[in-house]
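Just follow the structure's listing: the first ligand is 1, and inside any ligand the first atom is 1. It should be emphasised that the depicted structure is a prediction, and the values quoted were computed from it without experimental measurement.
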Amino acid sequence: QLHGGITIVVLGASGDLAKKKTFPALFGLYRNGFFPPKTHIVGYARTKMTHEEYHKRVSQYIKVPEVFRKQLNEFLAISTYVDGQYDEDASYQNLNKHIEKIENDSHIADGHKNRLFYMALPPSVFIPVAKGLKKNVYSRGSINRVVVEKPFGMDLDSSRRLDKELGALFSEDEIYRIDHYLGKEMVKNIMTLRFANVFFGSIWNAQHIENVQITFKEPFGTEGRGGYFDEFGIIRDVIQNHLFQVLSLLAMERPISMSAEAIRDEKVKVLRCIPPIVVSDALVGQYGKSVDGTKPGYLEDDTLKNKQSVTPTFATLVAWINNERWQGVPFILKAGKALNESKVDVRIQFKNVAGQLFKEVPRNELVIRVQPNEAVYMKFNNKLPGLSFQTTISELDLSYHRRYSDLRIPDAYEALILDVLRGDHSNFVRNDELDVAWTIFTPLLHELETSKVKPIEYAYGSRGPKQLDEFVKRYGFRRHQEQYIWPIQNVD
Ligand code: BG6
């Protein structure tokens, strides 16, 4: 727990992440009264600007309606800016002086001069910045916390190198590796669904579950981000981290307590049961032009340097978990950019009903809709009301906008920064967790890259490569789309 004061230093304060996520989340926490007393925010970046210019920028990033103007002004009053280089002691000493002045002006006693370093930075400067901070800005005798965000390396080796360097500077207890999917309401709900409900708990295994599908779909391409994306591809960008975190929460055993280490121990344990994903269990794609020609293909992105790139913008991979609970159940991880819709969900498809009483009834499915329109719904077979004995597929539906209409769902970053302030690591990635995730993905990534496997082209705005349905069918997934469409999905 934090006592005294805290200074939140946002490094990379003029970058994209800070603009889109960090500042709006910090303001959200401020507005809702979650900042500890004597909290200050210091932006740090290379751009030279006055405080007025900085405040103007921050207000533009936060974009709040006029009614919050007063709170925004209060927030700006605790926000200051320092410019400096990322690899120069003198710059960090200057930053340190600035923070010390704030601490002294607010009468914060020694031992309570806590500092949170939020690195909204590209990975190329993680280490130089971490070194500069440790040497010049670390608050001895008080609490220091460092928040970093992916990419944590490119593969197992580079991730281990990065981890070693970071680990030499800050303790694991001081490091918070963000995977923002862990801050999403529905992802946080997985443990509650599984471990607070006896009926889910007892059917959560290979005896009842046929397959599990985790899907991430975005309706836009890499527009403007091609430079970054091309180095990484969809597997590193979304699957190895976000979808894999979801998988570990779905598949892990019950932790012995709700403590961060108990949860993370179970996640690591289940991930260690997964052998590296093989190329024959992968389908990769890259988007081309839209059918009507109005949207450009991936290779036409101006920010893309390599016009022959074979980087996948779509991938479906299958992971297998070799333990008593999951042996033989495929976990299908599907992610793509420039698809037909925006959607993230988990679909647990149950086994066929035994016996011949009802012919070919669709399988039960439990769907956890992460976004948009958070919901949990169960597809089940019901008698068609009236004189017939036909079955019809229906749903038990918990749609959040109806059930919890007066509750606000916080942004993932807001939830996670609050966890950092509280010192709770449960929703952050531990170093051994990262290591095992890379162990599972690295052979596949290397093979795709060294043999330059050409991804299958799919049209911008389509459902993905044409081979997709055939591919998931091979793993036993049955699609019932013709008979059933979740009625809530089009509600805003
Ligand atoms: C990021 C990826 O981590 O997650 C992006 O780098 C992706 O490519 C984003 O668009 C998706 O996050 P969200 O919260 O919009 O689902």
Side-chain angles (χ1 to χ4, degrees), residues 12 15-25 28 61 63 118-124 126 147-154 159 176-190 214-247 249 284-287 298 301 303-304 309 311-315 333-346 368-375 400 409-417 427-429 434 437-438 441 445 455 460-461 464:
D16 216 42
L17 177 66
K19 243 186 247 182
K20 289 198 185 128
K21 302 290 183 186
T22 321
F23 283 111
Y61 303 161
K63 292 192 208 92
Y118 192 108
M119 299 222 227
L121 293 166
S124 55
F126 276 178
V147 180
V148 279
E149 179 140 13
K150 65 143 204 190
F152 308 116
M154 288 289 287
S159 158
Y176 290 76
R177 292 180 199 83
I178 283 205
D179 181 311
H180 80 282
Y181 267 57
L182 291 176
K184 292 194 186 263
E185 185 63 32
M186 268 304 168
V187 176
K188 297 212 284 194
N189 191 30
I190 294 175
I214 308 173
T215 304
F216 167 99
K217 294 171 90 176
E218 267 182 355
F220 42 84
T222 56
E223 287 106 293
R225 255 180 108 220
Y228 152 82
F229 189 87
D230 203 51
E231 256 187 80
F232 294 91
I234 196 78
I235 300 176
R236 290 186 181 92
D237 190 44
V238 171
I239 303 183
Q240 182 266 0
N241 35 64
H242 303 331
L243 301 196
F244 229 52
Q245 282 295 336
V246 174
L247 176 144
L249 288 166
V284 291
Q286 188 185 72
Y287 67 87
Y298 177 69
D301 188 327
T303 51
L304 193 77
S309 166
T311 299
T313 60
F314 175 98
L333 307 160
K334 219 164 77 184
K337 300 224 166 233
L339 296 178
N340 61 331
E341 61 182 336
S342 163
K343 182 173 93 171
V344 176
D345 70 14
V346 173
I368 303 171
R369 167 71 78 120
V370 177
Q371 63 188 39
N373 301 327
E374 289 86 349
Y400 276 32
I409 296 181
D411 176 72
Y413 280 88
E414 219 175 296
L416 292 175
I417 297 175
N427 293 310
F428 295 83
V429 185
L434 184 64
W438 277 122
F441 282 89
L445 287 162
Y460 192 125

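- By the 4.0 Å N-to-carboxylate-O rule, D237 lies close enough to K150 to be salt-bridged with it.
- At least one heavy atom of D237 lies less than 4.0 angstrom from ligand 1.
- Listed by number with element, the atoms of ligand 1 under 4.0 Å from a non-hydrogen atom of Q371 are 13 (P), 16 (O).
- Closest to atom 12 (O) of ligand 1, if we only count protein heavy atoms, is H180 NE2, 3.1 Å.
- Listed by number with element, the atoms of ligand 1 under 4.0 angstrom from any heavy atom of H242 are 1 (C), 3 (O), 4 (O).
- At least one donor-acceptor pair under 3.5 Å links the side chain of T311 to the backbone N or O of D230.
- Ring geometry, Y413 versus H180: the interplanar angle falls under 30°, so the pair is classed parallel (tilted spans 30 to 60°).
- Residues K337 and F220 share a closest heavy-atom pair of CB-O, 3.6 Å.
- Here the shortest heavy-atom distance to atom 7 (C) of ligand 1, taken over R225, K21, E218, belongs to E218.
- Under a 4.0 Å heavy-atom criterion, F229 is not in contact with ligand 1.
- Checking only distances, K184 does come within under 3.5 Å of ligand 1, N or O to N or O.
- When all heavy atoms of A335 and L243 are compared, the pair lying nearest together is CB-CD1, 4.1 Å.
- Of all atoms in ligand 1, numbered sequentially from 1 with element shown, those under 4.0 Å from a heavy atom of K150 are 1 (C), 2 (C), 3 (O), 6 (O).
- Annotation: atom 16 (O) of ligand 1 to nearest protein heavy atom, Y181 OH, 2.4 Å.
- Of the candidates V147, V429, N241, V429 is the only one forming a side chain to side chain contact (heavy atoms under 4.5 Å, CB included) with R177.
- Checking N189 against Y400 by side-chain atom types alone, a donor-acceptor pair falls below 3.5 Å.
- Close approach of ligand 1 to K337 (heavy-atom distance below 4.0 Å) involves ligand atoms 5 (C), 7 (C), 8 (O), 10 (O).
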